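Quantities reported herein were computed from a predicted structural model and do not represent experimental measurements.
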Amino acid sequence: MSRKLCLAQEPNADELLSTDAFALLLGMMLDQQYPLEHAFRGPMKLADRMGGFDIRKIAEAEPEEFEELAATPPAIHRYGRSMARRAQDLARYVIENYDGITERIWTQGDPDGKEVLRRLKELPGYGDQKARIFLALLGKQLGVTPKGWEKAAGAYSEKGSRRSAADITDAESLLEVRAFKKQMKAAAKQS
């Protein structure tokens, strides 16, 4: 991973997301029922509190201590303790299935887009929509474009769209994505 992401809208947090694939995976997992940029700042909060960001330290941390660390204000999420448990589950899963090397989710065995999507959907804290958004983020912003990734990511892969984290490249596009989501919620309430 070498491209500069702008999801957290905070230089240090975005640098971590841009250089550590597990931090990005965790930030995406935290992006639910919480403002997007704050969710993506979660990994940096953990790094600051743990003396660095390390998938193995997260996985092996004593659960109650890790929950406390994650829930201490400013917490990593509105539901800091439950998200701490999910973060540890995610870290353990990546260690058990990919030897702790997050990039293997999208590189191991030269998978196509459909397979990468399947692997993402198996992750703790990831459902179909989150997996498609993450696949689109990989393709649109990080140059990870396995064969068929656009089809697997669906509408999230559309060029020029402003529907998800995959489309956020600066403060303006964050506002556009937020406006799109608000519009979709309003439309859903009317139907």
### Query
Is I101 isolated, or which residues cluster with it under the ILVMFWY side-chain rule of less than 4.5 Å, directly or via members?
none

### Query
Does M184 sit in a hydrophobic cluster with other residues, and if so which ones, taking ILVMFWY side chains as linked at heavy-atom separations under 4.5 Å, directly or through other members?
F180

### Message
Do Y93 and E122 pair up side chain to side chain, a donor and an acceptor below 3.5 Å, judged on atom types alone?
### Response
yes

### Task
Start with the C-alpha distance between M28 and F40, add both sets of side-chain angles, then the distance that settles side chain to side chain contact (heavy atoms under 4.5 Å, CB included), and finish with yes or no.
CA-CA 7 Å; M28 178 61 87; F40 281 99; 4.1 Å; yes

### Message
According to a hydrophobic-cluster definition based on side-chain heavy atoms being under 4.5 Å apart (Ile, Leu, Val, Met, Phe, Trp, Tyr only), do Y34 and L174 belong together?
### Response
no

### Message
Return the CH2 to CG distance between W106 and L25, rounded to the nearest 0.5 Å.
### Response
6.0 Å

#### Entry: Point-to-point distance, once rounded to the nearest 0.5 Å, from OH of Y126 to CG of L117
12.0 Å

### Query
Only one of R86, R85, R92 forms a salt bridge (Lys or Arg N to Asp or Glu O under 4.0 Å) with D89, so which one is it?
R92

## Note on the structure
Closest non-hydrogen atoms of S157 and A136, given as atom of the first, atom of the second and distance, are N-CB, 4.1 Å

### Task
Could you tell me whether a side-chain N or O of R163 sits under 3.5 Å from a main-chain N or O of Y156, the two making a donor and an acceptor?
no

### Query
Between R119 and P111, which heavy-atom pair has the shortest distance, and what is it?
NH1-CG, 3.6 Å

### Task
Taking H77 for its side chain and A71 for its backbone only, find out whether a donor-acceptor pair lies under 3.5 Å.
no

### Cluster link L36 to Y79, ILVMFWY, side chain under 4.5 Å
no

### Query
Can V116 and L120 be said to form a side chain to side chain contact (heavy atoms under 4.5 Å, CB included), step by step?
CA-CA 6 Å; V116 174; L120 289 167; 4.0 Å; yes

### Message
Can a donor-acceptor pair be found, under 3.5 Å and without considering hydrogens, that links the side chain of S18 to the backbone of L5?
### Response
yes

### Task
Of all the heavy-atom pairs spanning C6 and T169, show the shortest one and how long it is.
CB-O, 3.4 Å

### Task
Please report the shortest heavy-atom distance between A87 and I58, naming the atom on each side.
O-CG2, 4.0 Å

### Query
What are the two closest heavy atoms between L135 and G113, and how far apart are they?
CD2-O, 3.8 Å

#### Entry: Evaluation steps, salt bridge (charged side-chain N to carboxylate O under 4.0 Å, His left out), between K121 and D128
CA-CA 6 Å; K121 286 164 60 172; D128 182 68; 3.1 Å; yes

### Query
Quick check: does any side chain N or O of R162 sit under 3.5 Å from a backbone N or O of E176, one acting as donor and the other as acceptor?
no

### Query
Would R178 and E37 count as a side chain to side chain contact (heavy atoms under 4.5 Å, CB included) if you check the C-alpha gap in whole Å, the side-chain angles of each, and the deciding distance to 0.1 Å?
CA-CA 11 Å; R178 190 166 279 140; E37 66 275 23; 2.5 Å; yes

### Message
If I take atom CZ from residue R49 and atom CD1 from residue I76, how far apart are they, to the nearest 0.5 angstrom?
### Response
8.5 Å

### Query
Would you say L123 and I95 are hydrophobically clustered, going by side-chain heavy atoms of ILVMFWY under 4.5 Å?
yes

### Message
Could you tell me if the side chain of K147 sits less than 4.5 Å from the side chain of K114, heavy atoms only?
### Response
no

#### Entry: Electrostatic pair R81:E64 at N-O distance under 4.0 angstrom
no

### Query
Any side-chain heavy atom of F22 sitting closer than 4.5 Å to one from D54?
no

### Message
Quick one: does any side-chain atom of Q88 pair with a main-chain N or O of A61 as donor and acceptor, under 3.5 Å?
### Response
yes

### Task
May I have the step-by-step check of side chain to side chain contact (heavy atoms under 4.5 Å, CB included) for E158 and E150, ending in yes or no?
CA-CA 8 Å; E158 293 172 3; E150 292 106 328; over 6 Å; no

### Message
To the nearest 0.5 Å, what is the distance between CZ on F66 and CE on M50?
### Response
5.5 Å

### Task
Output the distance between atom CG (L24) and atom CG (L17), rounded to the nearest 0.5 Å.
6.0 Å

### Query
Any side-chain heavy atom of L30 sitting closer than 4.5 Å to one from P43?
yes

### Message
Just so I know, are the side chains of N97 and I105 near enough to count as touching, which here means a heavy-atom distance under 4.5 Å?
### Response
no

### Query
Measuring from H38:NE2 to K45:NZ, what's the distance to the nearest 0.5 Å?
7.0 Å

### Message
Would the distance check show the side chain of Q141 and the main-chain N or O of I168 forming a donor-acceptor pair, the cut-off being under 3.5 Å?
### Response
yes

### Message
Could you go through K140 and S161, starting from their C-alpha distance and side-chain angles, then the distance that decides it, and tell me whether this counts as side chain to side chain donor-acceptor pair (under 3.5 Å)?
### Response
CA-CA 11 Å; K140 287 176 152 183; S161 70; 3.1 Å; yes

### Task
Salt-bridge test for K4 and D14: reply yes if a basic N is under 4.0 Å from a carboxylate O, no otherwise.
no

### Summary
On a heavy-atom basis, the closest approach of P146 and D112 is CB-C, 3.9 Å

